[in-house]
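Here the structure is laid out as structure tokens; the discussion comes afterwards.
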There are 2 protein chains.
Amino acid sequence: MAMNVRTLCLGILSMREATGYEIKKMVEDGVFSHFIDASFGSIYPALAQMLREGLVSVRAEEQQGKPGRKVYSITPEGRAALRAAVNTDPARDKFKSEFLFQMLFLDQIDPSHLAVIYDAYLEEQEAELARIEDCAGEIDEGPGAQFVQDYGRTMMTTAIRFLRENRAAMLDIFAEKAKEEAGS
Amino acid sequence: MAMNVRTLCLGILSMREATGYEIKKMVEDGVFSHFIDASFGSIYPALAQMLREGLVSVRAEEQQGKPGRKVYSITPEGRAALRAAVNTDPARDKFKSEFLFQMLFLDQIDPSHLAVIYDAYLEEQEAELARIEDCAGEIDEGPGAQFVQDYGRTMMTTAIRFLRENRAAMLDIFAEKAKEEAGS
DNA sequence: CCTCACATGTAATGAGTTACATGATTGG
DNA sequence: CCAATCATGTAACTCATTACATGTGAGG
């Protein structure tokens, strides 16, 4: 499946019309934030290209005080393209975690940083969970949205519990290392 | 943190010497497979570049029957580079899931495909769990490796349970849609 | 006063994937 | 005989990120 920025924009536009700026915001802290990432540098060109191809249409809106905005809507051709993308087999999930990589080589980590890194990660996961809870009912509630939200909540809750339960053990290692270094 | 193919190779080489081919295999079905991805097209150039930079060294090995292999080892400079990389703050986790995206737009999915996609995903997660269990004790058991393995197992187990518990509800939607389409 | 939110866009750059190119041996 | 495993490497290409470029109004 071609799950790139184009498909992402089509997906969002199939639910509601939006500007490039709004799409970025939705990706940042909406339901999508859990499993998608996109920057302005990819969203704007994608919308422009799809406009040329007729998959989306624009309506320019003047605003007082604020800069003008371009509100994009999906066209029937765009819906067809989204349907086509969604009906292909999904690619494998990719879970890229620098934190886990670091944990694998924690003997290389400066003892005074291990706790910092660990706690920062824990807090990040907690923030992610809060974000997921926050955007409950944000978009048209369909069974799919419900499923995705529940999935995200379940995974985040599990991760947080695991990190809390193993924190002591990980910091013991830190303490031992610090002792060794003090002793030598 | 610069968690790219270079750092990955350095990380693996810090545990044992290996060829580019072996690194690829380890990434494919070792402890790393859960959170990292790399292809030959990125591994070989990375090793070549690091050789020029003195971060790794090579030893050519002739083999009868099999093509010659280049066994790479990490140098003190390489270890320093790894240590430096591991001691920077980790970037945010990126969990990219086309499956979750598709679930969000499941009303666009051809009913006869929904079950197929769902079950394929479930099986994939089960395979991932099996892979994690399999590589227990594969590499030098440190507390970090243990942590990472436990984390992966916990997450995969949770995902599988969730997918099993919600399968019926998701396939009900499928059944309803099929009924509607048959009725119209 | 300064920074943040709003709002759009381009260009340079980076990092990786896929496909290509080659070749021997082993097992079904 | 054909496919898979072992084994290395290059080139074209895709995709996205970062930084740049520009501008206003509101709130602290």
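Below, all heavy atoms of this structure are taken into account, side chains as well, without hydrogens, waters or symmetry copies. Below, chains carry the letters A, B, ... as their sequence lines are ordered, and counting in each starts from 1.
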* What orientation do B:Phe35 and B:Phe32 show, parallel under 30°, tilted 30 to 60°, or perpendicular over 60°? ->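 Correct class here is tilted.
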Next item on the list: Over 60° means perpendicular and under 30° means parallel, so classify the ring planes of B:Phe95 and A:Phe95, tilted if in between.
Entry: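 A:Phe95 vs B:Phe95 ring planes: perpendicular.
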Please tell me if B:Ser42 has a side-chain N or O lying less than 4.0 Å from either OP1 or OP2 of C:dG16.
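False: B:Ser42 side-chain N/O out of range (4.0 Å or more) of C:dG16 OP1/OP2.
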For B:Lys25 and for B:Pro45, find the nucleotide of DNA chain D with the closest heavy atom, then tell me which residue's nucleotide is more 5'.
->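 Checking each residue's closest nucleotide, the 5'-ward one belongs to B:Lys25.
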Given DNA chain D, 5'-ward residue of the pair B:Lys94 and B:Arg69, judged by closest heavy atom: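 Its nearest nucleotide lies further toward 5', so the answer is B:Arg69.
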Specify the separation, in whole Å, of atom [atom1] of [X] and atom [atom2] of [N].
X: B:Tyr21; N: C:dG23; atom1: OH; atom2: P; answer: 18 Å
X: B:Met3; N: C:dG14; atom1: CE; atom2: P; answer: 19 Å
X: B:Glu61; N: C:dA24; atom1: CD; atom2: P; answer: 20 Å
X: A:Ile43; N: C:dT10; atom1: CD1; atom2: P; answer: 14 Å
X: A:Ile36; N: D:dA16; atom1: CD1; atom2: P; answer: 10 Å
X: B:Glu28; N: D:dA4; atom1: CD; atom2: P; answer: 14 Å
X: A:Phe40; N: C:dA7; atom1: CZ; atom2: C1'; answer: 8 Å
X: A:Lys70; N: C:dA7; atom1: NZ; atom2: C1'; answer: 11 Å

| From B:Lys96 atom NZ to A:Asp93 atom CG, the distance as rounded to the nearest 0.5 Å |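 CG of A:Asp93 is found 11.5 Å from NZ of B:Lys96.
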Which nucleotide in the list C:dA7, D:dA16, C:dT18 gets nearest to the side chain of A:Tyr44?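 Output: C:dA7.
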Check your understanding: Side chain of B:Asp37: nearest nucleotide among C:dG9, C:dT17, D:dT17?
Key ->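 Closest nucleotide to the B:Asp37 side chain: C:dT17.
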- Message: Using a 3.5 Å distance criterion without hydrogens, assess whether the side chain of B:Thr75 forms a donor-acceptor pair with backbone atoms of B:Ser57.
- Response: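 Here the side-chain-to-backbone pair does not exist.
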Q.
Please classify the nucleic acid contact of B:Ala38 as base, sugar-phosphate, or nothing, using heavy-atom distances under 4.0 Å.
A.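 The answer is sugar-phosphate, as B:Ala38 gets under 4.0 Å only of primed atoms, P, OP1 or OP2.
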Q) Is the closest basic N to carboxylate O distance between A:Glu98 and B:Arg92 below 4.0 Å? A)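 The answer is no: the pair does not qualify as a salt bridge.
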